[in-house]
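Encoded as structure tokens, the structure appears first; notes follow it.
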Amino acid sequence: MGTTDAVTFWDEVYAGRPAAVDPRPNARLTETVTGLPPGDALDLGCGDGGDALWLAGQGWHVTAVDISAVAVERLAALARARGLGDHVAAVRHDLHASFPHGAFDLICAHYLHTPHDLDRADVLRSASRALRPGGRLLVVDHGSAAPWSWNQDSGARYPSPLEVAAGIDLDPALWSVERADTPRRIATGPGGRTAEVTDHVLLVRRTA
């Protein structure tokens with residue numbers, strides 16, 4: 001499917017639900033980043049903006065990108081309303097076609113899944129190249145589908161964190177894997193529904 005189809009799909013996903021008034025950050029982000037000195041961060045697939053806003057509140061300067069203009073505009077408005085406009089640059093970006101410019105201390109990709117064309121391994125390799133020495137790449141994937149997920153394919157396969165790392169094919173002389181596990185958590189969905197889900201968490205650090 002082409003870029004136009006992907007843009008339409010994700011704009012409809014976000015336009016079809018109420019704008020988040022107080023989007024929460026992902027648990028895997030807060031547990032990973034708390035205690036790190038703030039710097040420049042890149043949020044790939046920012047969605048409702050909970051991660052970007054939380055990072056900005058911790059002193060990070062965040063470039064938040066999403067293919068959906070609806071998501072980006074909502075995040076920009078929330079950042080301004082919270083007085084974080086100087087810390088959050090929300091921009092529409094199609095990662096299937098190009099990658100944001102800049103050098104970063106943290107790049108996070110939470111649930112960067114789509115039914116449309118996207119070479120995730122290539123995106124994550126681009127992310128690794130955009131990190132400064134000492135910087136970290138945090139990739140959090142679905143290890144299972146919540147009942148409210150757009151993806152209800154019973155045959156879906158969820159690559160393990162180490163499989164994701166192998167797909168990126170990072171030089172071990174330059175990179176170290178700091179975390180690769182599959183924790184569970186209770187997720188909250190639309191209408192307050194809850195379900196136990198599995199996350200696949202990969203954290204790698206650029207050592208040189």
Side-chain angles (χ1 to χ4, degrees), residues 24-36 39-48 50-52 54-55 60 62-67 95-96 99-100 104-189 194-208:
R24 310 310 301 164
N26 284 296
R28 306 308 171 203
L29 176 73
T30 59
E31 68 189 20
T32 299
V33 174
T34 297
L36 293 180
D40 296 309
L42 174 62
D43 184 7
L44 300 175
C46 62
D48 289 323
D51 290 343
W54 182 84
L55 285 167
W60 292 78
V62 187
T63 300
V65 303
D66 202 282
I67 193 172
L95 296 174
H96 177 64
F99 194 86
F104 304 93
D105 304 291
L106 171 72
I107 299 179
C108 54
H110 281 79
Y111 315 113
L112 191 63
H113 305 286
T114 177
H116 299 272
D117 292 336
L118 180 66
D119 187 340
R120 274 188 14 122
D122 186 62
V123 170
L124 297 177
R125 278 191 292 271
S126 295
S128 69
R129 292 191 291 268
L131 278 173
R132 298 182 176 117
R136 290 173 171 86
L137 171 63
L138 174 63
V139 183
V140 183
D141 291 334
H142 291 300
S144 65
W148 53 83
S149 172
W150 56 265
N151 183 6
Q152 293 297 324
D153 180 3
S154 59
R157 183 180 178 279
Y158 303 96
S160 72
L162 289 180
E163 286 179 291
V164 174
I168 306 174
D169 192 26
L170 298 175
D171 185 346
L174 303 177
W175 292 87
S176 64
V177 175
E178 294 191 329
R179 180 177 180 181
D181 59 359
T182 58
R184 295 182 179 182
R185 62 183 171 86
I186 300 299
T188 302
T194 61
E196 185 179 69
V197 297
T198 300
D199 288 328
H200 285 181
V201 183
L202 173 67
L203 178 66
V204 293
R205 181 173 179 269
R206 183 173 181 177
T207 57

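Everything numeric in this text was worked out from a predicted model, so none of it was measured.
- Looking only at distances, a side-chain donor or acceptor of H113 sits under 3.5 Å from a matching main-chain atom of H142.
- For the pair I67/L95, no side-chain contact is recorded, criterion being any heavy-atom separation below 4.5 Å from C-beta on.
- With sequence neighbours left out, P133 forms a side chain to side chain contact (heavy atoms under 4.5 Å, CB included) with no residue at all.
- S176 contributes atom OG, which lies 8.5 Å from atom CG of L203 (distance to the nearest 0.5 angstrom).
- The CD1 atom of I107 sits 4.0 Å away from atom CG of L131, with the distance rounded to the nearest 0.5 Å.
- Looking only at side-chain heavy atoms (C-beta outward), D119 and V123 stay at 4.5 Å or farther from each other.
- Nearest approach of A180 to L202, heavy atoms of both residues: CB-CD1, 4.4 Å.
- Although no hydrogens or angles enter the test, the distance criterion places a donor-acceptor pair under 3.5 Å between the side chain of T207 and the main chain of L174.
- For the atom pair CG of L137 and CZ of R205, the computed distance is 13.5 Å after rounding to the nearest 0.5 Å.
- Taking CG from D48 and CZ from R24, the interatomic distance works out to 12.5 Å, rounded to the nearest 0.5 Å.
- Side-chain contact check for V62 versus W54: every heavy-atom pair is 4.5 Å or farther apart.
- Annotation: salt bridge (Lys or Arg N to Asp or Glu O under 4.0 Å) contacts involving residues 129-143, sequence neighbours excluded, comprise D40-R132, D105-R132, R120-D141, R136-E178.
- Considering all non-hydrogen atoms of both residues, A121 and G167 come closest at CB-O, 3.8 Å.
- Taking both residues in full, the closest heavy atoms of A127 and F99 are given as CA-CZ, 3.5 Å, listed atom of the first, atom of the second, then distance.
- The closest side-chain heavy-atom distance from I168 to W175 is not below 4.5 Å.
- The NE2 atom of H96 sits 7.5 Å away from the CG atom of L118 when rounded to the nearest 0.5 Å.
- Atoms OG and CG, from S128 and D171 in turn, are 10.5 Å apart once rounded to the nearest 0.5 Å.
- Between V201 and P161 the shortest side-chain heavy-atom distance does not fall below 4.5 Å.
- Partners of T198 by side chain to side chain contact (heavy atoms under 4.5 Å, CB included), not counting sequence neighbours, listed by chain and number: S144, T182, R184, H200.
- The existence of a salt bridge linking E31 and R179 is confirmed by a sub-4.0 Å separation between a basic side-chain nitrogen and an acidic carboxylate oxygen.
- Looking at every heavy atom in both residues, D66 comes nearest to G45 through OD2-C, 3.4 Å.
- Residues T32 and L106 fail the side-chain proximity criterion, which asks for heavy atoms closer than 4.5 Å.
- The closest donor-acceptor contact from the side chain of D51 to the backbone of N26 lies under 3.5 Å.
- Counting heavy atoms from C-beta outward, R185 and D199 have side chains that approach closer than 4.5 Å.
- Without hydrogens or angle criteria, R28 side chain to V140 main chain gives no donor-acceptor distance under 3.5 Å.
- Annotation: side chain of D43 is not in contact with side chain of W60 (no heavy-atom distance under 4.5 Å).
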